[in-house]
Asks: 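Structure incoming, see below.
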2 protein chains.
Amino acid sequence: MERQALHDNVVGHIRDLIVEGILPPGIKLNERALCETLGVSRTPLREAIKVLATEGLVDITPNKGASVSSMSETEIGEVFELMSALEAFSGELACERISPEELSAIKALHYEMLALHARNDLPAYYRCNQRLHDRINEAARNSVLRQTYVGLNRRLNALRFRSNLNAAKWDRAVQEHGEMIKALEARDGKLLASMLRQHIVQKKEIILAELRTADKPQAS
Amino acid sequence: MERQALHDNVVGHIRDLIVEGILPPGIKLNERALCETLGVSRTPLREAIKVLATEGLVDITPNKGASVSSMSETEIGEVFELMSALEAFSGELACERISPEELSAIKALHYEMLALHARNDLPAYYRCNQRLHDRINEAARNSVLRQTYVGLNRRLNALRFRSNLNAAKWDRAVQEHGEMIKALEARDGKLLASMLRQHIVQKKEIILAELRTADKPQAS
DNA sequence: TTTTTGTATTTTGCATTCAATACTGCGCCG
DNA sequence: CGGCGCAGTATTGAATGCAAAATACAAAAA
């Protein structure tokens, strides 16, 4: 194993632990414990934590240590809001730049999602959905946009809201996807952009509403 | 001075050196030298470098050290492209959320810019311009958007293209600003967004063209 | 003269060590 | 009985030390 790989691996490893939900939001990161888990000393580990903090996945409190970032409701809303703009912009660019092969791949994913919807397999549907949006983002052919998108997406994934969509909303999301694919095929950038934006805003509303109903009962 | 402040100060300090152009793109960051300049040991310095690398201001080559990031022409174009979307979105949100005071402040900046334009003071105009766009971005009231915007802006500022706009283009930019202010006053989000986007795309074209003419002569 | 190769020096990456701050738990006092 | 203070411990932040890699340089051979 190369020498520098160590540091980057540590970043990637901890990031995975966070995004996979193994390290849930708010949990304290004990340096010593993580060192033993990852088999490295504190120096590279601390470097990794600083990096993850700049990525927004970790919060550092001076002299008190680091913890997995737990976003406030408003911050979650803000991330979704920005995501809506990035998705919309991705869609618009994708309409100009997508290749036939990429379009086919996206259509294939869409059909896969139709199947998963019919089969009522929500987790697989989510994974497929993520991949589809990723493909659109990649089709925009802008690596800076891509980086930004991926970074924000990780912050959201770290929160692990696998919302259990009710049937009506799921149906609607599927239908929206269908229309979005049509717009992409027609290379109608403006239309796709506005649909994607609306789609994400919708998602934001659903998840924020769910967060509120999930928190309130505990308080009462 | 607090204990943790040290690390963050190191990040801020080096970042300033880069954004101010004291450390120009491509230059190698000698750890030992920087340690002496900043009066810290290598540990916090290296942490800072890793952070700056995640911010995109520094490139790290394994076992070879760090250097101030020098973007390719395509990458610069990509950053501008994303900026155009962020500015547009900021404008749209600002139209919904801006306070009368914020609007007044922006109008004041605009008038200041008119004066500077008349006085032909380009550097001051640029600073004012930057502040105006910052204010719009802040008026969008989305801290995540703000963070992303600031980060990208720093990467561009590090490149230090203080382009010496010809009169016609400068006039045009000033006029566009006037129209943008009108749209903001009218709370016409869609209009402001499209204008801002066009404005930044314009800026991108100007700067990329200038980069090409600045590079080609050296090669020939 | 140019290239190549072997060595010395520098520089990077990581581990360890040291200092300072925060937490814990126990006794003491109110 | 409960709150407060103080010692002890743990944990964080930074400096130092050490091994591996890269660079620089010089001498020798083509």
Side-chain angles (χ1 to χ4, degrees), chain A residues 1-18 22-71 155 158, chain B residues 1-18 22-71 155 158:
Chain A
M1 186 160 302
E2 306 92 63
R3 228 157 80 97
Q4 163 70 358
L6 203 158
H7 163 82
D8 285 334
N9 282 343
V10 172
V11 175
H13 202 314
I14 303 180
R15 186 159 48 209
D16 286 347
L17 291 178
I18 294 175
I22 297 164
L23 292 174
I27 205 175
K28 183 131 190 299
L29 296 182
N30 186 299
E31 290 186 2
R32 194 169 308 268
L34 268 177
C35 283
E36 295 201 5
T37 314
L38 304 183
V40 296
S41 86
R42 281 180 60 218
T43 309
L45 181 90
R46 287 173 55 77
E47 288 176 359
I49 289 177
K50 295 279 195 298
V51 167
L52 293 169
T54 30
E55 289 183 2
L57 288 172
V58 159
D59 290 335
I60 296 181
T61 326
N63 293 323
K64 288 189 60 179
S67 57
V68 177
S69 143
S70 61
M71 291 193 264
R155 291 180 66 180
Chain B
M1 187 158 303
E2 307 91 64
R3 227 158 80 98
Q4 163 70 1
L6 204 156
H7 163 81
D8 286 333
N9 282 342
V10 173
V11 175
H13 202 315
I14 303 180
R15 185 158 51 207
D16 286 347
L17 291 178
I18 294 175
I22 298 164
L23 291 174
I27 206 176
K28 184 132 190 297
L29 296 182
N30 187 300
E31 290 186 3
R32 195 167 309 267
L34 269 178
C35 283
E36 295 201 7
T37 313
L38 304 183
V40 295
S41 84
R42 282 180 59 218
T43 309
L45 181 91
R46 285 172 56 77
E47 287 175 359
I49 289 177
K50 295 281 196 299
V51 167
L52 293 168
T54 7
E55 290 183 0
L57 289 172
V58 160
D59 290 335
I60 296 180
T61 324
N63 291 326
K64 289 190 60 181
S67 56
V68 177
S69 145
S70 61
M71 291 193 265
R155 292 180 66 179

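Just so you know, these numbers use all the heavy atoms, side chains as well, and skip hydrogens, waters and symmetry mates. The sequence lines fix the lettering, A, B, ..., with proteins before strands; numbering per chain opens at 1. This is a predicted model, so every value here is computed, not measured.
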Asks: Roughly how many Å is it from CG in D8(B) to P in dA14(D), rounded to a whole number?
Replies: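 The distance from CG of D8(B) to P of dA14(D) comes to 9 Å, rounded to the nearest Å.
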
Asks: For T43(B) and for R32(B), find the nucleotide of DNA chain C with the closest heavy atom, then tell me which residue's nucleotide is more 5'.
Replies: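 The residue closer to the strand's 5' end, by nearest nucleotide, is R32(B).
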
Asks: Starting at NE2 of H7(A) and ending at C1' of dA15(C), how long is that distance when rounded to a whole Å?
Replies: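 Rounded to whole Å, this separation is 16 Å.
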
Asks: In whole angstroms, how far is the P atom of dA22(C) from the CG atom of N63(A)?
Replies: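 Taking CG of N63(A) and P of dA22(C), I get 5 Å after rounding.
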
Asks: Just to be sure I understand the rule, does L29(A) reach a base, reach only the sugar-phosphate, or reach nothing, if contact means heavy atoms closer than 4.0 Å?
Replies: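 L29(A): backbone/sugar contact only, no base atoms under 4.0 Å.
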
Asks: Given dA15(C), is OP1 or OP2 found less than 4.0 Å from the side-chain N or O atoms of S41(A)?
Replies: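 The answer is yes; a side-chain N or O of S41(A) sits under 4.0 Å from OP1 or OP2.
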
Asks: Could you grab the distance from atom CG of L29(B) to atom CZ of R46(B), nearest 0.5 Å is fine?
Replies: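 So the CG of L29(B) and the CZ of R46(B) are separated by 12.0 Å.
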
Asks: Measure CD/E47(A) against C1'/dG13(C) and give the value in whole Å, please.
Replies: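 Computing the E47(A):CD to dG13(C):C1' distance gives 8 Å.
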
Asks: Please state whether the phosphate of dT11(D), meaning OP1 or OP2, lies under 4.0 angstrom from any side-chain nitrogen or oxygen of N30(A).
Replies: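 Affirmative; the distance criterion is met.
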
Asks: Enter the distance from D16(A):CG to L23(A):CG here, rounded to the nearest 0.5 Å.
Replies: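 Those atoms lie 10.5 Å apart.
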
Asks: Check this one for me: any side-chain N or O of R42(B) less than 4.0 Å away from OP1 or OP2 of dT16(D)?
Replies: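 No.
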
Asks: Over how many whole Å does the gap from K50(A) atom NZ to dA14(D) atom C1' extend?
Replies: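 Those two atoms, NZ and C1', are 10 Å apart.
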
Asks: Give the rounded distance in Å between these two atoms: CG of N9(A) and C1' of dC14(C).
Replies: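 Spelled out: CG on N9(A) to C1' on dC14(C) is 14 Å.
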
Asks: Please state whether the phosphate of dT12(D), meaning OP1 or OP2, lies under 4.0 angstrom from any side-chain nitrogen or oxygen of K28(A).
Replies: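 Result: yes.
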
Asks: Which atoms form the tightest heavy-atom contact between I18(B) and L57(B), and what is the distance?
Replies: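 Closest approach of I18(B) to L57(B): CD1-O, 4.0 Å.
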
Asks: Expressed in angstrom and rounded to an integer, what is the separation of E31(B) atom CD from dA22(D) atom P?
Replies: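 Value for this atom pair: 15 Å.
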
Asks: Pick out which of L38(A), T43(A), L45(A) makes a side chain to side chain contact (heavy atoms under 4.5 Å, CB included) with S41(A).
Replies: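 Exactly one pass, corresponding to T43(A).
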
Asks: Have a look at E55(B) and tell me which of R15(B), K50(B), R155(B) forms a salt bridge (Lys or Arg N to Asp or Glu O under 4.0 Å) with it.
Replies: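 Of the listed residues R15(B), K50(B), R155(B), the salt bridge (Lys or Arg N to Asp or Glu O under 4.0 Å) partner of E55(B) is R15(B).
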
Asks: For dT23(D), does either OP1 or OP2 sit under 4.0 Å from a side-chain N or O belonging to K64(B)?
Replies: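 Checking K64(B) against dT23(D): at least one side-chain N or O falls below 4.0 Å of OP1 or OP2.
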
Asks: If I take atom CG in residue L45(B) and atom C1' in nucleotide dT12(C), what distance separates them, rounded to the nearest angstrom?
Replies: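 Result: 12 Å.
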
